[in-house]
Protein chains: 2
Amino acid sequence: MPALSIGQVAESSGVKVPTIRYYERIGLLAVPARSASNRREYGPDAIQRLRFIRHARELGFDIEAIRTLIEMQHHPAQSCEQADEIASAQLATVEDRIQRLTALKGELERMLTCCRHERVRNCRVIETLADHDKCLHEAH
Amino acid sequence: MPALSIGQVAESSGVKVPTIRYYERIGLLAVPARSASNRREYGPDAIQRLRFIRHARELGFDIEAIRTLIEMQHHPAQSCEQADEIASAQLATVEDRIQRLTALKGELERMLTCCRHERVRNCRVIETLADHDKCLHEAH
DNA sequence: CTAAGTGCTATAGCCGCTATAGGAGCAAGT
DNA sequence: ACTTGCTCCTATAGCGGCTATAGCACTTAG
């Protein structure tokens, strides 16, 4: 079974080459073996690991959370309570962001629909930005 | 009318002191006069300007967009088309983010409800992260 | 044998702040 | 007058999570 180059691993995992090196530097990815000419040589498990990381990143988990999740993967017999906690916290964060963004969306829409598209002088967009009291939602 | 200190301006605008200095450095806020002892002295308009910036930041506009919006405020007779464009672009960005986050929310919820809260070995959270194919939504 | 491609390291930059260090000045209490 | 504590000043570094650049070594295809 031939060793995989960083380029091949990048290709199959969907993680870019410099990002892989970055993950190695911050200790998220195991330091691989090196060839005679000092190139990184990966086994196929590196691809799995990177896919795991990529998927977690796509779901918005930060590096520290991913570090913990990977650590847990190494202890399959342990309770997965902590994984649940991490995922729940992430869910709460996502829900909070959605709520905030939805409020912003409303305000942006109102700004835009109220604007009569004339002059800056009486542009509703500019007015609303200048005067927070013009917002209906006091959320922010 | 006495000049306002950076602390007073920060207080009334809701923008922190170091942030005000930062905005000055990047040319977003006009350079104020200085007292004999080299302290910044603001007029009341600085508070309005900072409130504008703060509100725009809260709505997710980036610094460059705000720079343009402020520039427009200085030309009240111009058409406000550009302000509309900036706000529309921001609305599109926000809508896109909401959509993505909603997809993530769904996946996180599925991860959590499928987990039987036992061992890491068969933890649905970990499994899902490891294998993207377990996602129903292929959005990401 | 050459040229393109891939790999390597080290370092700087991105955004929008925030924190830290090290100093000067001002206001109020003793 | 003195001290204490607050605000102010500058300059610089750090945050997260990469991404870009420079300058070199090596490999592979034609």
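Residue numbers begin at 1 in each chain, while the letters A, B, ... track the order of the sequences. Below, all heavy atoms of this structure are taken into account, side chains as well, without hydrogens, waters or symmetry copies.
Put simply, B/S5 has a side-chain N or O that comes within less than 4.0 Å of OP1 or OP2 on D/dC8. Neither OP1 nor OP2 of D/dC9 sits under 4.0 Å from any side-chain N or O of B/S37. At D/dC9, one or more side-chain N or O atoms of B/R40 fall inside 4.0 Å of OP1 or OP2 (strictly under the cut-off). The shortest distance between the side-chain N/O atoms of B/R25 and the OP1/OP2 oxygens of D/dC9 is not below 4.0 Å. Taking 4.0 angstrom as the limit, B/R21 places a side-chain polar atom (N or O) nearer than this to OP1 or OP2 of D/dC9. Contact check, A/R57 against D/dC18: a side-chain N or O comes under 4.0 Å of OP1 or OP2.
For A/R119 (side chain) and A/C123 (main-chain N/O), no donor-acceptor pair under 3.5 Å exists by modelled atom type. Looking at B/R39, its side chain never comes within 3.5 Å of a backbone N or O of B/I6 through a donor-acceptor pair.
Residue B/R39 places a side-chain atom within donor-acceptor reach of the base of D/dT7, judged by atom type and a 3.5 Å distance cut-off alone.
Distance from the side chain of B/K16 is smallest to C/dT18 among C/dG7, C/dT9, C/dT18. The side chain of B/Y23 has C/dC17 as its nearest neighbour among C/dC17, C/dC8, D/dC18. Looking at the side chain of B/T19, the nearest of the listed nucleotides C/dG7, C/dT18, C/dG25 is C/dT18.
Residues B/R51 and B/S12 are in side-chain contact: their nearest non-hydrogen atoms beyond the backbone lie under 4.5 Å apart. At least one side-chain heavy atom of A/I70 sits less than 4.5 Å from a side-chain heavy atom of A/I53.
Counting non-hydrogen atoms under 4.0 angstrom, A/I26 reaches nothing in the nucleic acid.
The nearest heavy atom of DNA chain C to B/I63 and to B/A36 marks one nucleotide each, and the one closer to the 5' end goes with B/I63.
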